[in-house]
Amino acid sequence: MNTGASVAVEGKLVESPAKGQRIEMQASEIEVFGSAAEDYPLQKKRHSFEFLRTIAHLRPRTNTLGAVMRVRNACAQAIHEFFREREFLWVHSPIITASDCEGAGEMFGVSTFDPTKIPTDKEGKPDYSQDFFGRPAYLTVSGQMEAEIMATAFSNVYTFGPTFRAENSNTSRHLAEFWMVEPEMSFCDLEGDMNLAEEFLKYIFSYVMKHCPEDMAFFNERIDKEAIARAENIINNEFERLTYTKAVELLEKCDRKFDYPVEWGIDLQSEHERYLAEEVFKKPVILTDYPTEIKAFYMRLSDDGKTVRAMDVLAPGIGEIIGGSQREERLDVLERRIVEAGLPKEDYWWYLDLRRYGTVPHAGFGLGFERLVQFMTGMGNIRDVIPFPRTPMNADF
RNA sequence: UCCUCAGUAGCUCAGUGGUAGAGCGGUCGACUGUUAAUCGAUUGGUCGCAGGUUCGAAUCCUGCCUGGGGAGCCA
């Protein structure tokens, strides 16, 4: 009988005289349901995560993936409990969207066309009027705009589901298919948004520490010796909050040499964000009030005209884990911002309707679920915190 | 997409121009209060792929493929 066999053992559970275990079973009967062939790839030793990714159908049996999947599950439970306690409505945003106005990244097309013979119009372009939806359709990159719709009816809502990015990103922090949590709150400003984000992360970390203590101890010992200290740091300390402008001043004054020079107006680089979260404050940092030019059109313009009410939560070791904002609720300002961004206003007719009919101050944020699990467990590669990772050139299993 | 490192046995790796190696695993046997057991034997390779240089290439050169790390984009 080899490692990997499936068995049922009947016997007597007794106190063990051996070291390192309290109990053992003295077997009286063993039934083998499935023996494992001698080429069973999982051995009783450490395997590299790269190798395990090539056998994604067997790796859930390993102790590390097992711990990851339990913690991932606990994170999902914590998210639902957090919002249920606060009476947020879980709304199901669509996976397929015909709206091409989300602008959050490259999208996967959804079509039933036979790729070898796509109908074309007079100009030789694909004639989508003959396609399944009668127009171009895509996999969603974000449920935010649908969440905004629902928030104008139910006040507090959240989405939690898969999202897709067709970007050719090959990093340990990106997936083509990943899950996102997006709360959206009416009658809420940026302060309320930040408060919720901070409470939210603290809640999830407390929940996992309470429900998965053995798995967290495992990660702390085998994967990342900071895992438990980091969780306690999150739970027990106030997040640092400062404006983008203050952060830039701080970066300009510090002794550290950066590959990319810092000046007001630039989008902060990974090295800048890491420096702030890992070296200056050594805890999560919330940056707010970013320059208008580097943020999305729907974020609420401040009175200074130069910044928007946006916020990013930067986590040590991970970087941006949450991105959010107060949304622009003023119809005239939003229309102007859409035009300034060079976007077709007619595509946003329903989004603008939300401002036309009973507009309301509102705010929300998005959290990358796999990044949260990475942050929680200390796992280095995002492909190892989702059972079946989808990345460029990889959709096996 | 860019930069960089790597690809040798099922796994983890050593081998820098001269007959392809180790540990683990597998198989067989022995032994055993074991814990990723121990002891003995044994099995196992188109050295990522294709070309080139050379008397001779795992080793040097070129191209490609795949993977890791970093960057960009972002969550």
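Chain identifiers are assigned alphabetically (A, B, ...) following the order of the sequence lines, protein sequences preceding nucleic acid strands; residue numbering begins at 1 within each chain. Note that the structure is a prediction, hence the values are computed from the model and not measured.
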Side chain of [X], heavy atoms from C-beta onward: which of [options] has the nearest atom to it?
X         : options                : value
Asn381(A) : C73(B), U27(B), G69(B) : G69(B)
Thr171(A) : G72(B), U12(B), G68(B) : G72(B)
Gln43(A)  : C73(B), C11(B), G68(B) : C11(B)

Quiz question: going by heavy-atom distance under 3.5 Å, is there a donor-acceptor pair between the base of C11(B) and the side chain of His47(A)?
no
Compare all side-chain heavy atoms of Arg86(A) with those of Tyr158(A) and state whether any distance is below 4.5 angstrom.
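A side-chain contact is absent here, since even the closest heavy-atom pair is not under 4.5 Å.
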Would you measure the distance from the [atom1] atom in [N] across to the matching atom in [M] and give it in whole Å?
N      : M      : atom1 : answer
C24(B) : G67(B) : P     : 31 Å
C31(B) : C5(B)  : C1'   : 46 Å
C74(B) : C65(B) : C1'   : 28 Å
G29(B) : C13(B) : P     : 33 Å
C49(B) : A36(B) : P     : 37 Å

Could you tell me whether the phosphate oxygens of [N], OP1 or OP2, come under 4.0 Å of any side-chain nitrogen or oxygen in [X]?
X         : N      : result
Arg173(A) : A71(B) : yes
Arg383(A) : G68(B) : yes
Ser169(A) : C73(B) : no
Asn170(A) : G68(B) : no

Would you kindly give the CZ-to-C1' distance between Arg59(A) and C11(B), to the nearest whole Å?
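Checked: the CZ to C1' distance equals 17 Å.
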Take the protein atom CG of Leu42(A) and the nucleotide atom C1' of G26(B), then report the distance between them rounded to whole Å.
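The answer, rounded to whole Å, is 15 Å.
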Evaluate the criterion side chain to side chain donor-acceptor pair (under 3.5 Å) for residue pair Glu85(A) and Tyr203(A); output intermediate values, then yes/no.
CA-CA 11 Å; Glu85(A) 282 177 13; Tyr203(A) 185 97; 2.9 Å; yes
Could you tell me the separation between the CD atom of Glu191(A) and the CZ atom of Arg309(A), rounded to the nearest 0.5 Å?
5.0 Å
